[in-house]
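Below you'll find the structure, written out as structure tokens, and then a few comments.
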Amino acid sequence: MLTVYNCIVNQHDPRLVALAALICGISSFSAANLLHHVARSTDRNRLTWLMIAATSTGFGIWATHFIAMLAFTPGIPNAYDPGLSVLSLAAAVVLTAVGMSVATLRGGIDHYLVGGAILGGGIATMHFVGMQAFEVQGRIVWNPLLVAISLLAGMTLAALAMLVVLRRPSLAATLGGAALLTLAICTLHFIAMAAVSIFPDSSIEISQYTVQPTSQAFAAAAASLVILVLSGAALWIDLRFHRHKLEADRMHGLANAAVEGLIVCDGTRVISANDSIARLTGMAAGGLDGMELGDLFGERAASDMSGFGGQPREAELRNRDGTTIPVELIARSIDYCGKPHNVVAVRDIRERKKAEEEILRLAHFDPLTGLANRRSFSSRLEAEIVSMNRAGKGGYLALLLLDLDRFKEVNDLYGHGAGDAMLQKVAHCAAGVLRHGQMIARLGGDEFAIIAPNLPDPLAAGGIADAVLAAMREENRLSAGGGLVSASIGIALFPLDAEDQTSLIGHADTALYRAKTEGRDTYRYFEASMGAEARDKRVMEHELRQAIARKEFHLVYQPQKEISSGRMIGFEALVRWRHPERGDVSPSIFIPVAEDSGAIAHIGEWVLTAACEEAARWENPLTVAVNVSAVQLHNPNFSRKVHETLLKSGLAPGRLELEITETALVKDMPRALATLRQVKALGVRVAMDDFGTGYSSLSNLRAFHFDKIKIDGSFIKSVDKNGQVAAIVRAVLGLGRGLGLPVLAEGVETLGELEFLDAEACEIGQGYYLGRPGPIEAFGELTGVTTPVVRPSTAGHGDRSIAALKPRLRSV
Ligand code: C2E
Ligand code: MG
Ligand code: MG
């Protein structure tokens with residue numbers, strides 16, 4: 001230690017020693033700094049940084065050595081061999097490069113230490129080769145122990161310096177590492193110098209090719225300059241790097257806060273991407289760096305990117321698993337880290353696409369059946385007509401309008417769920433029989449339409465209709481509660497029936513109405529004569545719907561009398577429609593229309609309520625008979641409604657009689673019977689109306705315990721003159737007697753008819769002869785409500801005639 005101390009203090013110029021130490025410190029600080037860059041860089045950058053760091057450090061070691069050598073004053077002539085001096089510089093640079101490369105190759109203490117030791121070896125190699133360049137007029141003797149110590153100290157301190165600098169990069173680590181490296185260089189140098197003893201020998205000549213110490217000083221100064229320049233550059237680069245890193249971190253933080261994916265690109269190469277885009281692609285956050293935009297969005301989208309001009313573009317983002325995600329891209333140019341870059345915002349538009357598809361589906365398809373809707377139907381029909389016009393060749397386009405029969409009943413009876421299921425079934429059946437190029441659409445409610453273009457002849461349209469109806473019948477046959485729904489189809493042909501869309505639809509509609517009125521579960525072609533009739537019916541349907549609200553209905557009452565005594569039994573309530581323009585419309589005309597359209601449900605309810613309320617006001621407890629349509633009878637709520645009406649009106653149930661036709665009964669017998677039993681359980685009486693016109697079946701009479709049979713008026717007409725009709729009436733009267741049922745004869749118009757009925761012991765009569773239907777006020781005497789103002793037209797001849805008739809009848 002003392003030897004080293006003496007060496008520094010006595011054999012060196014302290015000012016130059018201090019200068020050497022300063023240069024060593026600066027170069028070490030620069031080395032520590034540059035090392036960070038080497039450690040952080042990859043590929044080509046790493047090599048560049050390694051070269052800069054090794055050159056700067058190697059020059060620093062070399063300059064330290066030679067300035068320290070200048071400070072060395074052996075007291076005898078000395079000089080330097082230029083070749084060896086350069087070799088020592090090269091050794092310093094190369095070995096420093098190797099050491100730094102090993103230390104920064106991979107993180108890990110072993111690498112730091114080994115790399116540092118190699119760098120220490122570089123310092124030693126430089127020193128001892130440099131000492132070989134030192135020529136002096138004397139003999140140089142080396143102390144091997146001190147040489148070994150210098151080597152050991154230099155390598156250990158360099159290894160530690162590397163460990164400190166690289167293990168946890170920070171300013172303190174840089175400073176600490178730089179101090180240790182300075183110590184390594186200086187320690188090695190001065191201990192190695194202390195190992196040197198020079199014995200002057202004038203016989204030794206200094207070679208003539210050597211460089212004088214003053215020239216060597218210039219070389220050292222130049223080397224120092226190199227270090228200073230490189231250090232300055234490193235510092236500048238370092239500051240810039242930090243600034244860019246800060247900016248990049250800030251941008252990245254900001255980008256990560258964004259919900260949308262953000263990609264920063266240099267041209268088309270990804271520099272940075274935020275977490276959202278990483279999540280979207282299923283890759284790690286940094287995994288996208290270095291990728292090409294073409295890899296992510298396809299070459300076309302990537303090449304388009306420059307021309308975006310801030311306008312959103314749709315593209316497909318390729319996911320890691322090979323799937324694609326629809327995205328919207330907006331590219332903008334930004335200044336990033338001092339250079340113009342492209343930033344691409346990536347918006348996941350899966351939800352939007354889904355919503356768009358849904359909107360599109362809703363706009364063109366019926367959500368319940370999945371069929372095309374009215375809008376798609378119209379545009380397709382239009383397009384087909386245009387195309388057929390343009391093609392100018394033969395062939396027909398058929399438009400089939402399909403409407404379910406009594407669909408309203410299904411809805412009313414079984415609820416809307418069942419109605420919906422029915423519509424889906426119909427859609428399925430109809431769609432199943434269509435050929436390629438034909439289209440079915442749901443126009444709304446229970447209306448469907450089929451477009452069948454390019455048919456070779458009009459009969460082919462009937463074939464389609466047949467197939468649809470057959471498919472529906474088969475479906476009904478197979479389904480549990482089947483048989484309830486059928487369809488009617490109207491067909492119009494282009495260009496045969498109409499040459500434009502509106503008329504074609506109108507004509508198909510007319511044909512549909514004809515199919516409905518002519519039996520249902522069938523189809524009809526349009527015929528020119530159909531138009532006016534169908535239109536009238538349509539208008540009536542529409543008007544009927546508003547008639548209740550407009551108070552256009554009222555009731556008239558027709559007396560029912562005991563034939564033998566002429567005693568008043570009750571009234572049949574008959575609805576009348578006073579149309580503002582047409583005047584009184586007969587129920588025989590509007591009731592079937594109301595039944596078809598479903599309006600009868602409301603009309604029937606109104607009649608029942610009005611009749612019960614009216615009868616409840618009568619002082620005489622006469623019965624009131626109300627006609628009930630099949631639609632009402634099949635409504636599961638009917639008995640409840642009757643009950644409510646009775647309760648509200650206060651009418652005794654025994655005074656109400658419901659008239660049911662046989663046709664209504666057989667339409668859905670189990671359901672009708674169930675309703676009738678419930679009604680009867682309330683104490684309400686039930687009469688079979690119009691007997692003889694329908695099935696006239698004994699089994700129907702036996703199926704339910706009716707309270708009365710009403711023989712249809714058509715059998716009473718001229719019964720006293722027509723033997724055949726008389727036989728029928730007698731048979732029915734016999735049937736009634738057999739079943740223990742009173743029989744009422746309808747439509748008694750003459751005294752002769754009345755006499756016949758009386759002779760045949762028919763209990764009750766109703767007809768113009770016994771009393772025409774009229775407003776209830778006209779029957780005040782009979783009901784006991786007001787002072788009777790009996791009009792001859794309504795009072796009939798019943799009371800007088802039978803009373804007068806009796807003695808004569810008895811005498812016969
Ligand atoms: P209906 O139930 O058989 O009613 C008897 C029909 O015969 C009534 O015709 C009545 O005016 C008519 N009439 C009565 N006596 C005679 C006569 O001596 N000679 C002739 N030629 N006709 C006579 P209206 O009022 O035109 O009713 C026709 C049908 O309309 C009724 O036949 C009934 O089925 C239906 N209807 C009437 N009112 C209602 C109602 O409130 N609801 C329902 N569902 N149907 C009704
Ligand atoms: Mg009736
Ligand atoms: Mg009748």
Side-chain angles (χ1 to χ4, degrees), residues 544 547-548 552-561 563 570-578 584-612 614-615 623-635 638 642 645 656-665 667 685-694 696 706-720 732 743-754 757 764-775 793-798 801:
L544 275 172
I548 294 185
E552 289 171 3
F553 291 119
H554 68 276
L555 291 181
V556 290
Y557 294 83
Q558 184 174 30
Q560 296 177 335
K561 295 179 178 172
I563 294 178
F571 292 95
E572 177 174 4
L574 294 160
V575 69
R576 292 288 175 269
W577 181 21
R578 184 151 298 155
D584 285 347
V585 185
S586 161
S588 333
I589 294 173
F590 74 81
I591 294 283
V593 180
E595 281 181 329
D596 276 348
S597 71
I600 190 70
H602 292 292
I603 299 174
E605 219 175 302
W606 177 86
V607 170
L608 183 71
T609 312
C612 288
E614 177 56 48
T623 58
V624 65
V626 174
N627 292 288
V628 173
S629 134
V631 179
Q632 289 171 278
L633 193 62
H634 295 148
N635 185 338
F638 180 67
V642 172
T645 312
L656 176 65
E657 189 167 272
L658 299 180
E659 295 190 5
I660 315 294
T661 63
E662 203 175 1
T663 338
L665 181 73
K667 211 171 274 172
R685 297 148 59 81
V686 182
M688 175 164 279
D689 201 0
D690 302 346
F691 191 74
T693 54
S696 311
F706 287 94
D707 296 289
K708 191 183 277 172
I709 302 175
K710 292 184 78 176
I711 310 180
D712 191 68
S714 56
F715 295 98
I716 306 303
K717 195 169 177 61
S718 309
V719 71
D720 51 329
V732 177
V743 177
L744 180 149
E746 290 188 275
V748 183
E749 289 185 351
T750 64
L751 177 63
E753 289 161 4
L754 188 71
L757 292 167
I764 313 157
Q766 178 184 347
Y768 293 166
Y769 189 77
L770 299 170
R772 283 181 177 264
S793 62
T794 54
H797 312 277
S801 311

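Note that the numbering runs from 1 along the sequence shown for the chain. Note that ligands are numbered from 1 as they come in the structure, with each ligand's atoms numbered from 1 the same way.
- If you take CD on E657 and CG on N627, they are separated by 10.5 Å, rounding to the nearest 0.5 Å.
- Residue contact check for ligand 1: S588 places a non-hydrogen atom closer than 4.0 Å to it.
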### Task
Under the side chain to side chain contact (heavy atoms under 4.5 Å, CB included) rule, what do I716 and E749 come out as? Steps first, then yes or no, please.
CA-CA 8 Å; I716 306 303; E749 289 185 351; over 6 Å; no
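- Near V575, with a cut-off below 4.0 Å to any heavy atom, the atoms of ligand 1 are 38 (N), 39 (C), 40 (C), 41 (O).
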### Task
Take V642 and L656 through the test side chain to side chain contact (heavy atoms under 4.5 Å, CB included) and record every step on the way to the result.
CA-CA 10 Å; V642 172; L656 176 65; 4.1 Å; yes
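- Of the protein's non-hydrogen atoms, the one nearest atom 26 (O) of ligand 1 is P587 CG, 3.5 Å.
- The CG atom of L770 sits 10.0 Å away from atom CD of E753, with the distance rounded to the nearest 0.5 Å.
- An N or O contact shorter than 3.5 Å is missing between Q766 and ligand 1 by distance.
- With rounding to the nearest 0.5 angstrom, the OG1 atom of T623 is 11.0 Å from the CG atom of D707.
- Where the criterion is an N or O separation shorter than 3.5 Å, residue side chain and backbone included, Q632 fails it with respect to ligand 1.
- Distance alone, capped at 3.5 Å, places no donor-acceptor pair between the D689 side chain and the T661 backbone.
- When only non-hydrogen protein atoms are considered, atom 11 (O) of ligand 1 lies nearest to P773 CG, 3.5 Å.
- None of K708, K710, R685 except one satisfies the salt bridge (charged side-chain N to carboxylate O under 4.0 Å, His left out) rule with E659; the exception is K710.
- Taking both residues in full, the closest heavy atoms of L757 and A745 are given as CD1-CB, 3.5 Å, listed atom of the first, atom of the second, then distance.
- When heavy-atom distances to ligand 1 are checked against a 4.0 Å cut-off, V748 comes that close only through its backbone atoms N, CA, C and O.
- At a distance under 4.0 Å, no protein heavy atom can be found next to atom 7 (O) of ligand 1.
- Ligand 1 places these atoms under 4.0 Å from at least one heavy atom of S629: 44 (N).
- Between G767 and ligand 1, no pair of N/O atoms sits closer than 3.5 Å.
- Under a 4.0 Å heavy-atom criterion, R576 is in contact with ligand 1.
- For E572, the N/O/S atom at the shortest distance from the Mg ion (ligand 2) is named OE2.
- For the Mg ion (ligand 3), the neighbouring protein N/O/S atoms at less than 2.8 Å, given as residue and atom, are D689 OD1, D690 OD1, E746 OE1, E746 OE2.
- Judged by the shortest distance from any of its heavy atoms, G604 lies outside the 4.0 Å radius around the atoms of ligand 1.
- Here I603 has no heavy atoms under 4.0 Å from ligand 1, in either its backbone or its side chain.
- The nearest protein heavy atom to atom 32 (O) of ligand 1 is not closer than 4.0 Å.
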### Task
Test L544 against W577 for side chain to side chain contact (heavy atoms under 4.5 Å, CB included), laying out the working first.
CA-CA 9 Å; L544 275 172; W577 181 21; 3.8 Å; yes
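- Among protein heavy atoms, atom 16 (C) of ligand 1 sits closest to Y768 CE2, 3.3 Å.
- In terms of protein heavy atoms, atom 19 (N) of ligand 1 is closest to E749 OE2, 2.5 Å.
- Scanning all heavy atoms of the two residues, the minimum distance from L555 to A611 falls at CD1-N, 3.6 Å.
- Within 6.0 Å of NZ in K667 there are more than 12 heavy atoms belonging to other residues, nucleotides or ligands.
- Across all their heavy atoms, Q560 and A625 have their closest contact at NE2-CB, 4.1 Å.
- The closest side-chain heavy-atom distance from M688 to L665 is below 4.5 Å.
- Within the 4.0 Å heavy-atom criterion, the part of E572 lying near ligand 1 is the side chain and not the backbone.
- Residues Y557 and A573 approach most closely at CE2-CB, 3.8 Å, considering heavy atoms.
- The protein atom (non-hydrogen) at minimum distance from atom 5 (C) of ligand 1 is E746 OE2, 3.6 Å.
- Aromatic ring centres of F553 and F590 lie closer together than 6.0 Å.
- Residue-ligand proximity, D689 to ligand 1, at heavy-atom distances under 4.0 Å covers atoms 1 (P), 2 (O), 3 (O).
- Counting protein heavy atoms only, atom 15 (N) of ligand 1 is closest to Q558 NE2, 2.8 Å.
- The proximity of L574 to ligand 1, defined as any non-hydrogen pair under 4.0 Å, involves the side chain as well as the backbone.
- Under the side chain to side chain contact (heavy atoms under 4.5 Å, CB included) test applied with S629, the options N635, I600, I603 reduce to a single match, I600.
- For the residue pair E572 and Q558, no side-chain donor N or O sits within less than 3.5 Å of a side-chain acceptor on the partner.
- Distance from atom 43 (C) of ligand 1 to its nearest protein heavy atom, with residue and atom name: N627 CB, 3.4 Å.
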